[in-house]
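A short write-up of the structure that comes next.
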Amino acid sequence: MKKKIYFNHDGGVDDLVSLFLLMQMDNVELTGVSVIPADCYLEPAMFASRKIMDRFGHGSLDVAESNSRGKNPFPKDWRLHAFFVDALPILNESGKIDTPVAEKPAHLHMIDAIHASAEKTTLLFTGPLTDLARALDEDPSIEEKIERLVWMGGTFRETGNVEEPEHDGTAEWNVFWDPEAAGRVWESSIEIDLVALESTSQVPLTEDIRKRWASERKYLGVDFIGQCYAMCPPLVHFTTNSTYFLWDVLTTAFVGNPDLVKVKSVNSIVHTNGPSQGRTEETANGRPVNVVYDVDRDAFFDYITQLSKKV
Ligand code: AGV
Ligand code: CA
């Protein structure tokens, strides 16, 4: 049986590649897609999502826009990536967009999608949790129809990936953008799988992987992901604040193939205020989350490249 997946993303290159990959998985049925303007601008991220669904999808879904706002904005340079993906010739060949924009905002769209499915829904979030927090406040009855939340977010290491004034550097960005939303979801009883920096740091974008995609660009899907990752700074000598990892793509691959990773349970809290806001911290009396802390790197890259060859 196919897993029912609702996907909420924030329009980064790896969010949009994730959307493409999800639609190539035989064991996944996508029940809805929505876009939150966190690590993107909303308009190009919506266009790009709809064009990716036109070109590489199979179903008849619409895409919902989020009207959520965060506390700590993403750097503009990163948010601009959605414009580059939207402009790719491969997505603009037909000159039209068929996939419609949903009438309802993302959090209400997600509530409808959860109720519309007889089976429980797995939520895949590759941006901040704001829309989920708002959905839980709006309609707490969705909780019992959620199979689990798979989230790219957090870290239990001393150092996260936020380098901003007035912050101590302990947070991961998706938590930092809206720490209170994460805090709200932590209060729920939803099973949480956290694809944290522990595992995503093992899958940086590197030259060898770019070369591999270039050598196999005769496959339309491999060409597409190669073009997308041409926009992102790879890891060459050492990691910088702009080095690109396959954060969300690992999270998405985990949904399609959980055997790629290792998971352990950690009790944790979320810091919602002050210089550590957005930090996820291990604490004996915190709520349990399943942390994805290790990945078989080669098997992961084989898996996503294989999926990309299906188109
Ligand atoms: O913290 C990782 C999250 C992922 O959801 N995003 C990017 C991924 O989509 C924020 C982010 C952290 N560092 C970045 C980010 C960078 N160097 N460029 C763009 N986005
Ligand atoms: Ca993201």
Side-chain angles (χ1 to χ4, degrees), residues 7-22 33-42 44-46 48-49 52 66 68 70-85 106 123-132 149-157 159-164 167 169-179 181-182 193-206 225 228-236 238-255 270 277-280 292 295 304:
F7 183 36
N8 181 282
H9 73 76
D10 69 341
V13 168
D14 62 337
D15 299 84
L16 293 166
V17 170
S18 295
L19 174 60
F20 160 75
L21 291 170
L22 268 180
V33 178
S34 49
V35 182
I36 180 168
D39 196 6
C40 70
Y41 290 93
L42 187 59
M46 283 293 295
S49 300
I52 289 168
S66 171
S68 295
K71 191 171 168 203
N72 299 299
F74 274 97
K76 182 179 167 183
D77 292 355
W78 300 353
R79 297 183 69 195
L80 287 169
H81 286 147
F83 283 99
F84 310 153
V85 178
L123 303 179
L124 172 62
F125 272 63
T126 58
L129 292 181
T130 319
D131 288 322
L132 177 53
L149 165 67
V150 179
W151 187 32
M152 192 286 121
T155 184
F156 297 99
R157 294 183 170 171
T159 313
N161 63 4
V162 171
E163 295 183 14
E164 291 285 298
H167 194 264
T170 54
E172 182 281 325
W173 261 104
N174 287 340
V175 197
F176 179 64
W177 194 77
D178 188 352
D193 296 338
L194 213 58
V195 181
L197 297 180
E198 282 78 344
S199 53
T200 62
S201 65
Q202 296 173 35
V203 288
L205 175 65
T206 47
I225 61 173
C228 285
Y229 279 107
M231 303 164 195
C232 306
L235 175 62
V236 185
F238 57 91
T239 302
T240 72
N241 190 32
S242 51
T243 303
Y244 220 85
F245 295 84
L246 278 81
W247 304 275
D248 299 350
V249 173
L250 176 59
T251 310
T252 303
F254 166 65
V255 168
V270 180
Q277 61 184 274
R279 175 180 180 191
T280 44
V292 172
V295 53
I304 62 169

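Numbering starts at 1 and runs along the sequence shown. Start at 1 and go down the list; that is how both ligands and their atoms are numbered. Atoms considered below: every heavy atom in the structure, side chains included; atoms not considered: hydrogens, waters and symmetry mates.
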Strictly by modelled atom types, are Ser18 and Thr252 linked by a side-chain donor-acceptor pair under 3.5 Å? yes

If we number the atoms of ligand 1 from 1 as shown, the ones under 4.0 Å from a heavy atom of Asn174 are 3 (C), 4 (C), 5 (O)

Angle subtended at the Ca ion (ligand 2) by Thr126 O and Asp10 OD1, rounded to 10 degrees: 90°

When every non-hydrogen atom of Val249 is compared with those of Tyr229, the smallest separation belongs to CG2-OH, 3.3 Å

A side-chain contact here means heavy atoms from C-beta on lying under 4.5 Å apart; do Leu129 and Asp178 qualify? no

Would you mind checking which non-hydrogen protein atom is closest to atom 1 (O) of ligand 1, with the distance to 0.1 Å? Glu172 OE2, 2.5 Å

Strictly under 4.0 Å, does any heavy atom of Asn241 approach an atom of ligand 1? yes

When you measure from the side chain of Asp39 to the backbone of Asp10, do you find a donor-acceptor pair of N or O atoms at a distance under 3.5 Å? no

Protein contact of atom 4 (C) of ligand 1 - nearest heavy atom, named by residue and atom, plus distance: Asp248 OD1, 3.1 Å

Is the side chain of Asp14 donor-acceptor paired with the backbone N or O of Asp248 at a distance under 3.5 Å, no angle test? yes

Looking only at side-chain N and O atoms, does Asp131 offer a donor or acceptor that is under 3.5 Å from a partner on Ser66? yes

Contact region, Thr243 to ligand 1, non-hydrogen atoms below 4.0 Å, reads backbone

Near Trp173, which atoms of ligand 1 are under 4.0 Å from a heavy atom of that residue? 1 (O), 10 (C), 12 (C)

Only heavy atoms of Asp14, strictly under 4.0 Å: list the atoms of ligand 1 that pass. 8 (C), 9 (O)

Can you tell me if Phe245 contacts ligand 1 (heavy atom of the residue under 4.0 Å from the ligand)? no

For atom 11 (C) of ligand 1, grab the closest protein heavy atom and report residue, atom and distance to one decimal in Å. Trp78 CZ3, 3.6 Å

Between Glu172 (side chain only) and Ala196 (backbone N and O only), is there a donor and an acceptor less than 3.5 Å apart? no

Mind checking whether Phe7 and His9 have parallel, tilted or perpendicular rings, split at 30° and 60°? tilted

Enumerate the atoms of ligand 1 whose separation from the nearest heavy atom of Phe74 is less than 4.0 angstrom. 10 (C)

Sub-4.0 Å heavy-atom contact, Ser242 with ligand 1: yes

Could you grab the angle centred on the Ca ion (ligand 2), going from OD2 in Asp248 to OD2 in Asp15, to 10°? 70°

Side-chain donor/acceptor of Trp151 to backbone N/O of Gly127, under 3.5 Å: yes

Does ligand 1 come near enough to His81 that some N or O of the ligand is less than 3.5 Å from an N or O of the residue? no

